[in-house]
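Residue numbers count from 1 along this sequence.
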Amino acid sequence: MRGDYSLSQVLVVVESPAKAKTIGKYLGKGYRVQASVGHVRDLPKKELGIDVENGFKPKYVTVRDKSKIIKKLRDEAGKSDQVLLATDMDREGEAIAWHLKEMLDKTGKPIKRIIFNEITKEALKSAVSTPQDIDGDKVNAQQARRILDRLVGYLVSPVLWKIFYMGLSAGRVQSVGLRLIIEREREIRAFTPKEYWTFEGTLKTRDNEEFAVKLAKIDGKKADIGDKKSADGVLEEIRASRLNVSDTREKEKKRNPGPPYITSTMQREAASRLGFSAKKTMLIAQQLYEGVELGGEGSVGLISYMRTDSTRVSDEAYRKGTKFISDTFGPEIVFTGKRGFKKAKRSQDAHEAIRPTDCHRIPDTLKSHLTKDQYALYNLIWRRFLASLSAPAVYSVKEADIEAGDRFMLRANGRKLAFPGFLAIMPDRKSETEAWIPDMAKGDELEIVRIDASQHFTEPPPRFTEASLIKELEDKGIGRPSTYASIISIIQGRDYAKKEKATLYPTPLGEQVWKILDQLFSDIFEVDFTARMETELDKVEEAKENWQDVVKFFYEPLVGDLDKVKKREGNLKSLVQEETDEVCDNCGRKLVKKWSKNGPFLACPGYPECRFTKSLDKEEELDRACPKCGGVLRYKNGRFGRFIACQNYPDCRYTEAVTLGIPCPVEGCGGDIVEKRTRRGKIFYGCSNYPKCTYASWDKPTGKRCPSCSESYLVEKRSKRKGTYLKCPSCKADFTS
């Protein structure tokens, strides 16, 4: 169906004001663009909102505070000749479009859907000329997902409330993400290190050219030495052996670029290269997609749609990209032919890969118009796209095998870059140390400069980072591109896991919550079952499954689990309560471990007759008395970190902050630096005179003034490359600690 350009006024509805601004600029006269500001309808917050006896019929209500927006949209639709719904092209965007249509149908105006992969003049012109009907199958797939998530949230979460406390939640997919984190932690705890030894050294030729070698084989097999005695014996034999070159090889080795980003690889690379969380990456990508102000150009969409699992690029994007590479970096950098990339597992391949809308918008030329984070992510996307169209990097590789007596084979490796290819566009994060080896011939005798043995121990599997957890979720088919960021964000937001130095650890609460879910709802939180549900939702979108059947397939085992929970309702708390050897001060009963919003604590099992409670933290006493009542002062742990309180609480409510013994650097303040915690438990440092003084630092102040500028205290920082060092937050100078 062709668009009717004779219409005098067309209303275009998008989700966000930023997107509305960019689209409005491109469409121009005859189009009025308005934003719904996200969802306009959803399931009610205070009830299940699903008629499980009537085909899981959902009850939708207007989202709170959206009444004015809806009224405005209806008024604008009434004054228009046609309505075009231009929401995002994923399932959620399709569902938003359907809800908008339901609410605007009463205006009697024709309502259509338009789809575009990027916000450019050409893409929008094509979209408005070919309006479509809303994809009901895609809407049903999203509706099924929303209903499944609601069933878990509203039926399973109350079970956690009965066992722990009000406010905890279970999620259909997030709980499986938590499961992966906890199972990895258990692997780490159960891991037994195994000792092994490696052998490295330096040899030299008759011309005194030195090069590095490693022991590769013993008696024709891979070297495997597990104790010092054996290692010393190997060293002694090698040092006493005659060394001869037995073989040399020289060849070229090609290294191909990675494909253009999909959602998961963008999130992973942004985490490892830029230190961004998945949530932050998606927020910035949304800004780049919807439009950024570029001075005289106005608002411009810089990247294509950022929720995708496809590595495809359009023929037009390919043509423009290869021409740009040829003109900018040289024709030799362009890959001859169109490279095919392996699809991600379970890829729907519905949209293009993430790429710049115009590769001529070079990141450095836009730097003054972008925030630091926008520039960093756009630069990454721009370079990755162009690299994917480029020739492979070519290395010259040289190897030599050296016999040491009759038993040992040492190996030397050399590698140097012969042709940069795609590395001219997207260099490695760390420049590789290139080592070459001298020319040698078979039979050449060599001399040992040194040969040493090093002890090592095998290491457990690493804890997940956000990047590696996203890869694990993707590999196992849990969630979809649009959900990875929210899965990780919710797990941390619920205090089920915490991130320290980019690594995810389960919290004690998270481990206890999963222990309960595993005992009571193991079937619905199985990894394979959750992955199958994602596949079933895909089938709904492809019109191969009925959405009610998919929901029923999930709901029936959930109901079975809930029935079993009901039968043991009287002893649910006992699943996490542990009896301790400590005795109640009031009645003598043995105290049990319980949970509250502030963490675990000890309580008398005689509640409500006996209300005695005790902190699990060891309360260190201070050597001074409470200035209010003379009682003993103790360190205590609260929601926002350590503090000092009187032992006579609640009769005496005296408290004070724990300071670092460092005065606040703000001139005339008179306060001290104290350690604090955010609501999510992250440590920071602030002034004891808050809110009068707002000094705060994420890094620990040292009390030492910067020797370069004398403006600020040096703060303590850590990195893999530098270890622990000091940095000035004012002049950015670094110092060894």
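Distance check, rounded to the nearest 0.5 Å: CD of Q174 to CD1 of I478 gives 11.5 Å. Atom-to-atom distance recorded for C728:SG and L714:CG is 6.0 Å, nearest 0.5 angstrom. The OH atom of Y378 sits 8.5 Å away from atom CG of L370, with the distance rounded to the nearest 0.5 Å. Distance check: R268 CZ to I470 CD1 gives 8.0 Å after rounding to the nearest 0.5 Å. Atom OH of Y654 sits about 10.0 Å away from atom NZ of K628, to the nearest 0.5 Å. Note that NE2 of H369 is 10.5 Å distant from CG of L302, once rounded to the nearest 0.5 Å.
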Validation: residues 285-293 side-chain donor-acceptor distances under 3.5 Å, sequence neighbours left out:
from: Q286; atom 1: OE1; to: R307; atom 2: NH1; distance (Å): 3.4
from: Q286; atom 1: OE1; to: R307; atom 2: NH2; distance (Å): 3.2
from: Q286; atom 1: NE2; to: E290; atom 2: OE2; distance (Å): 2.8
from: Q287; atom 1: OE1; to: Q374; atom 2: NE2; distance (Å): 3.0
from: E290; atom 1: OE1; to: S16; atom 2: OG; distance (Å): 2.7
from: E290; atom 1: OE2; to: S16; atom 2: OG; distance (Å): 2.9
from: E293; atom 1: OE2; to: K21; atom 2: NZ; distance (Å): 2.8

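Pairing each heavy atom of S299 with each of T22, the nearest pair is OG-OG1, 2.5 Å. Between S169 and S157, the shortest heavy-atom distance links the atoms CA-OG, 3.3 Å. Closest approach of R463 to T503, counting heavy atoms only: CB-CG2, 3.2 Å. G671 and C687 make their closest contact through CA-SG, 4.0 Å (heavy atoms, listed as atom of the first residue, atom of the second, distance). Here the shortest heavy-atom pairing between I188 and P461 reads CG1-O, 3.3 Å.
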### Message
Apply salt bridge (charged side-chain N to carboxylate O under 4.0 Å, His left out) to residues E582 and K590 and explain how you reach the verdict.
### Response
CA-CA 6 Å; E582 297 207 37; K590 284 192 174 181; over 6 Å; no
Checking R184 against L504 for the side-chain contact (heavy atoms from CB on, under 4.5 Å) test, could you report, in this order, the C-alpha distance in whole Å, the side-chain angles of both residues, the deciding distance, and whether it holds?
CA-CA 10 Å; R184 176 61 59 86; L504 294 169; over 6 Å; no
inquiry  = Apply salt bridge (charged side-chain N to carboxylate O under 4.0 Å, His left out) to residues R255 and D428 and explain how you reach the verdict.
reply    = CA-CA 12 Å; R255 177 182 162 198; D428 288 325; 2.7 Å; yes
- request: Any chance you could lay out the side-chain contact (heavy atoms from CB on, under 4.5 Å) test for L602 and T613, step after step, and finish with the verdict?
  value: CA-CA 6 Å; L602 298 179; T613 61; over 6 Å; no
- Item | Steps toward side-chain contact (heavy atoms from CB on, under 4.5 Å) verdict (I662, D672) | CA-CA 6 Å; I662 301 172; D672 292 308; over 6 Å; no
### Message
What verdict does the side chain to side chain donor-acceptor pair (under 3.5 Å) test give for E474 and S264, after you've listed the backbone C-alpha separation in whole Å, the side-chain angles of each residue and the deciding distance to 0.1 Å?
### Response
CA-CA 8 Å; E474 183 181 37; S264 60; 2.7 Å; yes
| task | Please lay out, stage by stage, how R624 and E656 fare under the test salt bridge (charged side-chain N to carboxylate O under 4.0 Å, His left out). | result | CA-CA 13 Å; R624 55 189 175 87; E656 62 181 68; 2.5 Å; yes
_I262 vs I354, side-chain contact (heavy atoms from CB on, under 4.5 Å): CA-CA, chis, key distance, verdict_ = CA-CA 6 Å; I262 59 177; I354 304 168; 5.6 Å; no
### Test salt bridge (charged side-chain N to carboxylate O under 4.0 Å, His left out) applied to R361 and E297, step by step
CA-CA 12 Å; R361 290 198 174 96; E297 283 193 81; 2.8 Å; yes
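Residues Y496 and L509 form a side-chain contact, since some pair of their non-hydrogen atoms from C-beta on lies under 4.5 Å apart. Inter-residue side-chain proximity for C610 and C584 is flagged as met; some heavy-atom pair is nearer than 4.5 Å. Considering only heavy atoms from C-beta on, L160 comes within 4.5 Å of V513 through its side chain. Contact annotation: the side chain of M266 approaches that of T281 to within less than 4.5 Å [non-hydrogen atoms, C-beta and beyond]. You'll find the side chain of K499 reaches within 4.5 Å of the side chain of S277, heavy atoms only. Contact check for F612 versus L591: side-chain heavy atoms found under the 4.5 Å cut-off. Y685 has its side chain within reach of L660: a pair of non-hydrogen atoms, C-beta onward, lies under 4.5 Å apart. M306 is not listed as a side-chain neighbour of P481, based on a closest heavy-atom distance of 4.5 Å or more.
The stretch residues 686-703 participates, sequence neighbours left out, in these side chain to side chain donor-acceptor pair (under 3.5 Å) pairs: D699-K717. Under the side chain to side chain donor-acceptor pair (under 3.5 Å) criterion, the residue pairs touching residues 507-518 are R189-E511, with sequence neighbours excluded. The side chain to side chain donor-acceptor pair (under 3.5 Å) pairs that include a residue from residues 449-461 are E195-Q455, T198-H456, R450-D452, where partners are two or more places apart or lie in different chains. Listed by first and then second residue, the salt bridge (Lys or Arg N to Asp or Glu O under 4.0 Å) pairs involving residues 363-376 are K280-D373 (not counting sequence neighbours).
Side chains of E269 and Y261: a donor-acceptor N/O pair is present below 3.5 angstrom, by distance only. Under 3.5 Å, the side chains of S489 and S486 contain no donor-acceptor pair of N or O atoms.
For K593, the salt bridge (Lys or Arg N to Asp or Glu O under 4.0 Å) criterion is met by no residue, not counting sequence neighbours.
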